[in-house]
Amino acid sequence: MTDPGISVVICVYTEDRWEDILAAVSSVRAQSYPALETLLVVDHNPVLLDRLAREYKEYEKGTAAGDVRVLANAGPRGLSAGRNTGIAASRGEVIAFLDDDAVAERDWLRRFAEGYADPRVMAVGGRTEPVWASGRRPAWFPEEFDWVVGCTYRGLPRGRVRVRNVLGGNASFRRTAFTAAGGFATGIGRDGDRRPLGCEETELCIRLTRARPDAVLLIDDRAVIHHRVPEAREHFAYFRTRAYAEGLSKALVAKSVGTDKGLESERRYATRVLPAGVARGLRDALLARPGGAGRAGAIVAGVLTAAGGYAMGSMRARRGGTTFSVVRIEGDAVNGPGTPAEGDAVRDPGPSSEGELV
């Protein structure tokens with residue numbers, strides 16, 4: 001495929017992020033590789049839906065390049081169903097996803113498009129940089145745990161690399177990926193401001209490579225977005241809550257796809273990346289550098305907390321737990337739930353994957 005048309009989906013849920021949403025849309029409209037359209041999918045918030053529809057009324061023509069369309073989430077509450085709504089309504093050969101509190105650099109979509117020159121490529125993700133509300137990274141916050149705030153973390157390979165899974169807030173998929181594997185699973189992933197679960201993109205990517213064993217998934221660190229980290233997420237209480245929720249989520253993924261695939265990348269992360277991070281923190285402490293001991297301690301605490309979440313989620317899954325469902329997406333419709341996968345959320349740290357240079 002050359003010069004694929006790209007639809008951009010931004011899922012939104014709260015008026016508290018109004019200025020962030022406008023900035024996200026503006027960054028898409030300023031791309032050097034123009035988007036075919038931008039779809040704002042509103043998650044069960046009629047007030048926000050109406051306000052955005054009025055804001056972008058003049059852009060909502062439905063056919064012209066660069067349109068902004070505002071849609072209501074047609075599925076259950078949550079990020080996965082919102083993304084599925086956007087996929088079903090989109091017209092592009094490629095569908096890209098951008099967080100509602102992030103802005104994309106000018107060549108973001110161009111880097112994605114370049115990846116699809118290889119017909120085997122089914123997904124391309126990018127690099128997500130944190131923008132701290134306080135103006136700087138907290139001294140105690142380890143880069144190895146930047147996934148806690150939805151950003152690219154230390155330990156991922158650099159360049160354009162082949163990976164197990166992309167990270168959902170800065171990712172794109174070929175439309176045929178959803179034809180082959182179905183959409184994002186509902187019952188896993190975020191639901192507004194409730195417990196910050198995740199891993200829906202991990203589960204989708206593993207399901208995709210099972211459906212299409214020849215599929216290639218890439219991360220290109222030149223496809224950059226800047227993700228706002230609110231002040232509340234700069235504190236250890238959120239760090240701990242998010243690490244526990246990641247453990248819960250990974251248990252659900254492992255229940256669905258098996259521990260070999262479900263924890264494949266996490267083993268390298270836990271046995272190589274994190275020990276190196278602890279060693280760096282202790283070295284910095286010995287050299288009297290600010291935050292060294294705190295970073296080492298946070299890594300240890302994050303591992304233990306995520307492992308506790310994984311253990312709890314695994315226990316719930318064995319007892320029957322909850323279920324999640326995969327929908328089929330064909331054309332302009334989301335065609336009902338597929339076979340539910342049993343489980344409940346949990347695991348040990350670090351969402352994405354080891355890669356190889358391509």
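Side chains are part of it too, since the values below use all heavy atoms of this structure and drop only hydrogens, waters and symmetry mates. Because the structure is predicted, anything quoted here is derived from the model rather than measured.
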Legend entry - From I21, I10, V12, residue fulfilling side-chain contact (heavy atoms from CB on, under 4.5 Å) relative to V42: V12

Legend entry - Pair R158 + D221: basic N to acidic O under 4.0 Å: yes

Legend entry - R106 versus S27, side-chain donor and acceptor atoms under 3.5 Å: no

Inset, instruction - Would you mind checking if E37 and R69 are paired as a salt bridge, meaning a charged N to carboxylate O distance below 4.0 Å? - result: yes

Inset, instruction - Could you walk me through whether F145 and Y153 pass ring pair (Phe, Tyr, Trp, His ring centres under 6.0 Å), step by step? - result: CA-CA 6 Å; F145 273 77; Y153 56 91; 8.7 Å; no

Legend entry - Spacing of L167 atom CG and L156 atom CG [to the nearest 0.5 Å]: 6.5 Å

Legend entry - Note: R242-E246 ion pair, threshold 4.0 Å (strictly below): yes

Inset, instruction - Looking only at non-hydrogen atoms, find the nearest pair between R137 and P130 and report the distance. - result: NH2-CG, 4.1 Å

Legend entry - Nearest heavy atoms of Y116 and V121, plus distance in Å: CD2-O, 3.6 Å

Legend entry - Interatomic spacing from CG in N165 to CG in L217 - rounded to 0.5 Å: 8.0 Å

Legend entry - Carboxylate-amine/guanidinium contact R233 E231, below 4.0 Å: no

Inset, instruction - With Y13 as reference, evaluate N73, D100, N45 under the side-chain contact (heavy atoms from CB on, under 4.5 Å) test and give the passing residue. - result: D100

Inset, instruction - Check the pair Y269, V303 against side chain to side chain contact (heavy atoms under 4.5 Å, CB included), reporting the backbone distance first and the verdict last. - result: CA-CA 11 Å; Y269 175 78; V303 170; over 6 Å; no

Inset, instruction - State, with a plain yes or no, whether a side-chain heavy atom of C11 is found less than 4.5 Å away from one of R83. - result: yes

Determine all donor-acceptor pairs shorter than 3.5 Å in which one atom belongs to a side chain in residues 273-300; sequence neighbours excluded.
unit_1, atom_1, unit_2, atom_2, d
R280, NH2, E144, OE2, 2.4
D284, OD1, R289, NH1, 3.0
D284, OD2, R295, NH2, 2.8
R295, NH1, A139, O, 2.9
R295, NH1, P290, O, 3.2

Legend entry - Nearest-0.5 Å distance, CD1 of residue I6 to OG of residue S172: 6.5 Å

Legend entry - Steps toward side chain to side chain contact (heavy atoms under 4.5 Å, CB included) verdict (L208, F178): CA-CA 8 Å; L208 172 59; F178 300 110; over 6 Å; no

Inset, instruction - Nearest 0.5 Å please: distance from the CZ atom of R29 over to the OG1 atom of T38. - result: 7.0 Å

Inset, instruction - Measure from the ring center of F97 to the ring center of F184 and say whether it is less than 6.0 Å. - result: yes

Inset, instruction - Verify the distance criterion only: is there a donor paired with an acceptor across the side chains of S134 and E234 at less than 3.5 Å? - result: yes

Would you list the atom pairs, donor with acceptor, under 3.5 Å between side chains in residues 107-114 and any protein atom, with sequence neighbours excluded?
unit_1, atom_1, unit_2, atom_2, d
D107, OD1, S32, OG, 2.5
W108, NE1, N170, OD1, 2.6
R110, NE, S32, OG, 3.2
R110, NH2, S32, O, 2.8
R111, NH1, E114, OE1, 3.4
R111, NH1, E114, OE2, 3.4
E114, OE1, R222, NH2, 3.4

Legend entry - Atom pair CD1 (I225) and CG (L98), whose distance is rounded to the nearest 0.5 Å: 5.0 Å

Legend entry - Residues R154 and D146 bridged, charged N to O under 4.0 Å: no

